[in-house]
2 protein chains.
Amino acid sequence: MESVREKLQIFVRRFGLLNAASCDNCCGEQVSMVQSHILFEVRRLQNPSMQQIADALGMDVTTFSRQAKTLEAKGLVSRRVSADDRRVSHLSLTAAGEDVLSRIDRYMADNIERIFSSMSAFEQETVIRSLGLLNDALATSGCCGVSQNNTVACCK
Amino acid sequence: MESVREKLQIFVRRFGLLNAASCDNCCGEQVSMVQSHILFEVRRLQNPSMQQIADALGMDVTTFSRQAKTLEAKGLVSRRVSADDRRVSHLSLTAAGEDVLSRIDRYMADNIERIFSSMSAFEQETVIRSLGLLNDALATSGCCGVSQNNTVACCK
DNA sequence: ACCTTTACTTGCATATTGCAACTATTTTTA
DNA sequence: TAAAAATAGTTGCAATATGCAAGTAAAGGT
């Protein structure tokens, strides 16, 4: 029998690969997979600081700093120093950045649609509800991305 | 409203982080995250060839070759040349490898239990069934890990 | 004013990755 | 059956990603 862990592991891996394929196929050399995750989060959390994004992605701020610089150089994000606190920089998508991200969106949406198309309407709804449940449970349990000092890395 | 894509993306990222934490927390310097995925697959596909594992993980064979060498050097997997075809090497877990993997298993199982504990029995069952549905749908759709030449990378 | 904390950046050393090119072993084919 | 093509896996190499330690600069606390 397949364990829950196994199901999760395999699902996550497959979706990760889909994600990678998405970067490759619709914006080729433009962005790497981490970079597409960054674009995704910049849009999701509106006007986030560097630290916020790094936390959301569970990545080291120093690594993030460099990736942000790269994305800025590519003209996909822009940076604005906060008026309140001049230490913090807020990132936002440029028009080009939004464009890249929406191409990725479209690719993912197509694939998700194809994936879901093999299910009945009822199944689809069940699956979507389950994903919501899982996300809530993950956020509540606070056990993802917990580092040794017990700081939660990602579950905002 | 949160889109399905958003739900999936976030869930996958969180689980990925949990996975990373799992490597860190229970076998620290021992194995990286990709390496734990490799151990996982070596066990799952019994006596797989190099190519098979690389395919399952959607990774380049050359990268895999090096990772395999590292894991062998660490004494976590062992390699046996096939009798049928002396080009292929089959990998298997050593006792040490099984040990590491089962520590990761335990860590993951604990976390998964904690995550699921906030749900009702009914919800748990729904979620687990949904994961099965999703995996089947992903495998059927053949859209994960499809590279430019249309070869499916992972959905065996 | 001084000390501490916070946000972010850089130096450095290491690890990961993919492509092209290589060896070794089948398999095909002419 | 000998030569050609395909397959499994390995290296060279150059690019990229990563994390830690140490730095700068700006707030905040006392």
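A, B, ... follow the sequence lines: proteins, then strands. Residue 1 opens every chain. Computed from a predicted model, the values in this text were never measured in an experiment.
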*To the side chain of A:Ser65, which of C:dT10, D:dG9, D:dT18 is closest?*
C:dT10
*Looking at C:dT10, D:dT18, D:dG9, which one has an atom nearest to any side-chain atom of B:Ser49?*
D:dG9
*Flag side-chain contact, heavy atom, 4.5 Å: A:Phe15 against A:Met108*: yes
_Is there a continuous path of hydrophobic side-chain contacts, each under 4.5 Å between heavy atoms, that joins A:Val34 to A:Ile104?_
yes
*Are A:Gln67 and D:dT18 close enough that a side-chain N or O sits under 4.0 Å from OP1 or OP2?*
yes
*asked:* How would you summarise protein contacts on nucleotides 21-30 of chain D per nucleotide, using B for base, S for sugar-phosphate only and - for none, with heavy-atom distances below 4.0 Å?
replied: B---BBS---
Would you mind reading off the distance between [X] atom [atom1] and [N] atom [atom2], rounded to a whole angstrom?
{"X": "B:Arg79", "N": "D:dG9", "atom1": "CZ", "atom2": "P", "answer": "9 Å"}
{"X": "A:Leu57", "N": "D:dG19", "atom1": "CG", "atom2": "P", "answer": "12 Å"}
{"X": "B:Arg80", "N": "D:dA8", "atom1": "CZ", "atom2": "P", "answer": "17 Å"}
{"X": "B:Met50", "N": "D:dT7", "atom1": "CE", "atom2": "P", "answer": "18 Å"}
{"X": "B:Asp60", "N": "D:dT16", "atom1": "CG", "atom2": "C1'", "answer": "15 Å"}
{"X": "A:Lys69", "N": "D:dA17", "atom1": "NZ", "atom2": "P", "answer": "13 Å"}
{"X": "B:Phe64", "N": "C:dC19", "atom1": "CZ", "atom2": "C1'", "answer": "19 Å"}
{"X": "A:Leu91", "N": "C:dA7", "atom1": "CG", "atom2": "P", "answer": "14 Å"}

Any donor-acceptor pair under 3.5 Å linking the side chain of [X] with the backbone of [Y]?
{"X": "A:Glu125", "Y": "A:Phe122", "result": "no"}
{"X": "A:Thr70", "Y": "A:Arg66", "result": "yes"}
{"X": "A:Ser130", "Y": "A:Thr126", "result": "yes"}

*asked:* Just by distance, no angles: are the side chains of B:Ser78 and B:Thr94 close enough, under 3.5 Å, to form a donor-acceptor pair?
replied: no
*Under 3.5 Å, is there a donor-acceptor pair linking the side chains of A:Arg13 and B:His37?*
yes
